[in-house]
Amino acid sequence: MKILVAGANGTIGQILVDKLIERGYEVTGMVRKESQQDALRKAGAEAVLADLTDKESLAKAVEQRDAVVFVAGSKGKALESVDRDGAIHLCDAAKNAGVPRFILLSSIFAGRPEQGPENLQPYLKAKLAADVHMQKSGLDYTILRPGALKDTAETGAIRIDESFEGTEAEISRADVAEVIAASLSEPKTIGAVFEFIAGDTPIDEALARLG
């Protein structure tokens, strides 16, 4: 399977690229700068230059891919052009190119922005707009909404629900990357939208229980 990872230079993206390569996938990381390409190639991946704010550049990036994974983020610097429109444009490019599978990394509270922390509501609304567009795309999508991201050790276990209450819901970035990688081979994740946090159920088992 040939997979494009948008946001491959980010923390989750780097972990994910390694995990996908270990699984035997042909991985291409999408990056904005030439200087970011060497690290991908050293990891065993290909690299393609494209910009989420430039729709024209996305068409080439998605060519001949079997799946696209969106793990990019602007860290609050470009909520509309990257977190919202970037995801939407990449979704459209994938559809136009005939890419069947798309995994979109969203956020806890994205389905209910008004319940999230007040300072994050603009971000959550941007993510929701991208999520809704994805659900209407006709692609075999999976929308993942992890809890607050932490740089803690990978546990390999999660808890899944339609929604969680409280801002204490957390998960390690490494576990999020593992959920993404595992979702690619789990049919029950197709068409699924769910929140997940650190838990006690092995990731493969938790995903197999969906639906």
Side-chain angles (χ1 to χ4, degrees), residues 1-50 52 61-73 87 90 94 97 99-107 134 139-160 170-192 194-210:
M1 181 182 285
K2 297 180 179 179
I3 302 171
L4 176 72
V5 177
N9 192 55
T11 305
I12 291 177
Q14 292 179 45
I15 299 170
L16 176 62
V17 166
D18 288 341
K19 287 181 173 293
L20 295 177
I21 290 171
E22 289 172 3
R23 282 169 161 80
Y25 294 121
E26 294 182 40
V27 183
T28 299
M30 191 180 104
V31 292
R32 291 187 300 114
K33 302 175 182 178
E34 290 188 12
S35 60
Q36 298 169 334
Q37 293 180 306
D38 286 345
L40 281 167
R41 291 169 178 151
K42 288 178 181 178
E46 296 297 320
V48 61
L49 287 175
L52 288 168
V62 298
E63 284 181 355
Q64 299 182 347
R65 311 296 177 193
D66 300 305
V68 172
V69 180
F70 182 96
V71 293
L90 189 62
V99 179
R101 189 79 167 96
F102 201 115
I103 295 182
L104 177 63
L105 183 62
S106 184
S107 173
M134 177 62 63
L139 297 175
D140 288 340
Y141 67 82
T142 303
I143 297 174
L144 303 175
R145 294 173 171 169
L149 302 175
K150 300 295 178 181
D151 289 319
T152 49
E154 182 174 351
T155 69
I158 58 173
R159 180 182 166 200
I160 290 176
E170 301 175 345
I171 188 166
S172 75
R173 286 178 170 83
D175 280 320
V176 171
E178 181 64 24
V179 170
I180 296 169
S183 292
L184 284 164
S185 58
E186 175 49 67
K188 288 192 175 181
T189 64
I190 295 176
F194 58 89
E195 294 186 2
F196 62 102
I197 61 174
D200 300 318
T201 305
I203 289 171
D204 287 344
E205 182 180 334
L207 295 179
R209 291 179 182 176
L210 289 167

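Start at 1 with the first residue, then count along the sequence. Only a predicted model underlies this, so the values are computations on that prediction, with no experimental measurement involved.
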In Å, rounded to the nearest 0.5 Å, how long is the span from CZ of Arg159 to CD of Glu195? 11.0 Å

Specify the closest pair of heavy atoms between Val62 and Ala97, including all atoms of both residues, with the distance to one decimal. CG2-CB, 3.7 Å

Hey, are the side chains of Gln37 and Val31 touching, using non-hydrogen atoms and a 4.5 Å cut-off? yes

Find out whether Arg209 and Thr201 are in side-chain contact, i.e. whether some heavy atom of one side chain is under 4.5 Å from a heavy atom of the other. yes

Determine whether more than 12 heavy atoms belonging to other residues, nucleotides or ligands lie under 6.0 Å from atom CD of Glu205. yes

Side chain to side chain, Leu20 and Leu184, heavy atoms closer than 4.5 Å: yes

Distance-minimising heavy-atom pair for Ala198 and Ile171: N-CB, 3.9 Å

Side-chain donor-acceptor contact under 3.5 Å, Thr189 with Arg101: yes

Which pairs of donor and acceptor atoms, one on a side chain in residues 5-16, lie under 3.5 Å apart (sequence neighbours left out)?
unit_1, atom_1, unit_2, atom_2, d
Gln14, NE2, Asn9, O, 2.8

Could you tell me if the side chain of Leu207 sits less than 4.5 Å from the side chain of Ser183, heavy atoms only? yes

Nearest heavy-atom contact between Ala43 and Ile21 is O-CD1, 3.1 Å

So, taking the atom named OG1 in Thr142 and the one named CD in Glu186, what distance separates them when rounded to the nearest 0.5 Å? 9.5 Å

Sequence neighbours excluded, every pair satisfying side chain to side chain donor-acceptor pair (under 3.5 Å) that has a member inside residues 21-33: Arg23-Glu178, Thr28-Arg65

Which heavy atom in Pro146 sits nearest to a heavy atom in Ser106, and how many Å separate them? CD-O, 3.6 Å

Atom pair CG/CD of Leu4 and Gln64 - distance to nearest 0.5 Å: 12.5 Å

Test item: Asp175 side-chain N/O and Glu154 main-chain N/O as donor-acceptor pair under 3.5 Å: no

Hey, could you give me the CD1/CZ distance between Ile160 and Arg145, rounded to the nearest 0.5 Å? 13.5 Å

Taking C-beta and beyond as the side chain, do Val68 and Ile103 meet within less than 4.5 Å on heavy atoms? no

For Phe196, give me all partners under ring-ring contact (aromatic ring centres under 6.0 Å, His included), at least two apart in sequence or on another chain. Phe194

Between atom CG of Leu144 and atom CD1 of Ile180, what is the distance when rounded to the nearest 0.5 Å? 6.0 Å

Are Asp151 and Arg173 ion-paired here, with the side-chain N under 4.0 Å from a carboxylate O? yes

If you look at every heavy atom in Leu52 and Ala72, which pair is closest and at what distance? CD1-CB, 3.5 Å

What's the shortest heavy-atom distance between Ala157 and Asp200, and which atoms? CB-C, 3.8 Å

